[in-house]
Amino acid sequence: MSDTVHRLTTAMMSRSLRNLGLIMDKAKAHADSEGFDADVLLQSRLYPDMFNLLQQLQYVCFVPVDFARHLTGTPAPRVGYDETTWAELRESVDTTAAYLASVTPEAAAERAETSVPLFFDDNQTLAAQDYAASVIVPDFYFHMTIAYAILRHNGVKLGKQDFLAN
């Protein structure tokens with residue numbers, strides 16, 4: 001089970017973030033070809049009460065890093081807090097992907113049963129593997145999907161393969 005925790009959390013999320021980096025590169029190229037600053041896209045949202053692209057991308061970085069630091073027991077990079085530009089977000093995506101890739105299957109196995117405080121309520125905890133299954137994985141992919149949808153909605157030519165690419 002603990003190998004599954006690693007494969008379906010930090011390993012898969014690192015891969016997804018590398019894909020996100022490529023998606024962001026396409027979005028930047030789209031903005032350049034259309035003659036506008038990619039930072040403009042950061043304020044885009046699908047609906048008025050939803051997070052904008054900036055916040056979606058911050059969560060895509062923050063959520064898995066916060067979880068991974070509990071699997072490693074080591075300090076994590078500070079991502080998902082202070083970014084305000086396309087370049088800063090792109091760097092945070094790369095930093096997050098690299099940090100997640102550094103989590104070993106052994107670290108995940110060793111700490112799969114460890115109680116982890118929920119990122120949105122430090123007073124509540126779940127075993128790391130339960131937290132991954134019920135909160136982290138769904139939340140991560142929710143924000144990834146919304147970020148993808150915002151970019152598609154803004155004319156960036158993306159397809160399913162961009163999201164799923166290896």
Side-chain angles (χ1 to χ4, degrees), residues 1-28 41-42 50-151 158 160-166:
M1 176 65 167
S2 53
D3 179 54
T4 302
V5 170
H6 177 264
R7 282 186 305 109
L8 296 180
T9 61
T10 56
M12 186 58 76
M13 290 176 191
S14 179
R15 178 178 162 258
S16 293
L17 284 155
R18 288 190 306 274
N19 293 347
L20 178 60
L22 297 173
I23 288 169
M24 289 180 73
D25 293 346
K26 282 188 173 187
K28 174 78 167 82
L41 293 169
L42 298 177
M50 294 179 75
F51 284 164
N52 60 29
L53 181 61
L54 171 72
Q55 294 162 307
Q56 300 293 345
L57 294 172
Q58 287 174 325
Y59 265 81
V60 162
C61 293
F62 167 78
V63 168
V65 164
D66 184 64
F67 175 72
R69 75 182 173 90
H70 293 290
L71 286 181
T72 64
T74 61
R78 183 174 169 84
V79 293
Y81 293 96
D82 305 317
E83 303 89 352
T84 59
T85 67
W86 194 265
E88 291 169 348
L89 284 161
R90 185 65 180 84
E91 183 178 338
S92 287
V93 166
D94 288 344
T95 298
T96 302
Y99 177 68
L100 297 177
S102 75
V103 177
T104 65
E106 296 78 21
E110 183 179 306
R111 299 179 69 114
E113 298 290 331
T114 301
S115 287
V116 175
L118 306 185
F119 75 85
F120 53 84
D121 184 355
D122 285 343
N123 296 317
Q124 293 185 49
T125 63
L126 286 171
Q129 62 191 5
D130 296 331
Y131 186 37
S134 62
V135 178
I136 297 302
V137 171
D139 197 43
F140 175 81
Y141 284 106
F142 172 81
H143 292 290
M144 280 281 296
T145 302
I146 298 301
Y148 171 92
I150 289 170
L151 292 171
L158 299 169
K160 188 175 186 179
Q161 190 58 34
D162 293 300
F163 191 88
L164 298 176
N166 293 323

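Side-chain atoms are counted along with the backbone in the values below, which use heavy atoms only and exclude waters and symmetry mates.
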I'd like to know if the side chain of R15 and the backbone of L164 have a donor-acceptor N/O pair within less than 3.5 Å. yes
Contact check, side chains of I150 and L41, non-hydrogen atoms, under 4.5 Å: no
Heavy-atom closest contact (T72 atom, T74 atom, distance): OG1-OG1, 2.8 Å
So with a 6.0 Å cut-off around OH of Y148, is the heavy-atom count from everything else above 12? yes
Counting heavy atoms not belonging to E88, are there more than 12 under 6.0 Å from its CD? yes
State, to 0.1 Å, how close L8 and V137 come at their nearest heavy-atom pair, and which atoms those are. O-CG2, 3.6 Å
So I146 and F51, side chain to side chain contact (heavy atoms under 4.5 Å, CB included) or not? Walk me through it. CA-CA 9 Å; I146 298 301; F51 284 164; over 6 Å; no
Go through F62 and V79 one step at a time and tell me if the side chain to side chain contact (heavy atoms under 4.5 Å, CB included) criterion holds. CA-CA 6 Å; F62 167 78; V79 293; 5.6 Å; no
W86 and M24 have their tightest heavy-atom pair at CZ2-O, 3.3 Å
Can I136 and V63 be said to form a side chain to side chain contact (heavy atoms under 4.5 Å, CB included), step by step? CA-CA 7 Å; I136 297 302; V63 168; 3.7 Å; yes
Interatomic distance, CG@D94 vs CG@L89, rounded to 0.5 Å, equals 11.0 Å
List the steps, then state whether side chain to side chain contact (heavy atoms under 4.5 Å, CB included) holds for T125 with Y131. CA-CA 8 Å; T125 63; Y131 186 37; over 6 Å; no
Looking at OH of Y99 and OG of S14, how far apart are the two atoms once the value is rounded to the nearest 0.5 Å? 12.0 Å
Return the CD to CZ distance between E83 and R90, rounded to the nearest 0.5 Å. 13.0 Å
Side chains of V93 and C61: does their closest heavy-atom pair fall under 4.5 Å? yes
Can you name the salt bridge (charged side-chain N to carboxylate O under 4.0 Å, His left out) partners of D82, sequence neighbours left out? R78
For V65 against P77, the heavy-atom pair lying closest together: CG1-O, 3.6 Å
Mind listing the closest non-hydrogen atom pair of S16 and M144 along with its distance? O-CE, 3.5 Å
Value rounded to 0.5 Å, distance of CG in L71 from CD in Q129: 10.5 Å
Could you note down all residue pairs passing salt bridge (Lys or Arg N to Asp or Glu O under 4.0 Å) where residues 134-148 supplies at least one of them, sequence neighbours left out? none
Side chains of N19 and D162: closer than 4.5 Å at any heavy-atom pair? no
Nearest-0.5 Å distance that lies between atom CG in L54 and atom OG1 in T85: 9.0 Å
Note, M12 side chain near Y141 side chain (heavy atom, < 4.5 Å): yes
P105 side chain reached by R7 side chain, heavy atoms, under 4.5 Å: no
Would a 4.5 Å heavy-atom cut-off, applied to side chains only, mark V60 and T96 as touching? no
For V103, is there any backbone N or O sitting under 3.5 Å from a side-chain donor or acceptor partner on H6? yes
Once rounded to the nearest 0.5 Å, what's the spacing between atom CZ of F140 and atom CG of L100? 7.5 Å
Over all atoms of both residues, closest heavy-atom pair of R111 and A128: O-CB, 3.5 Å
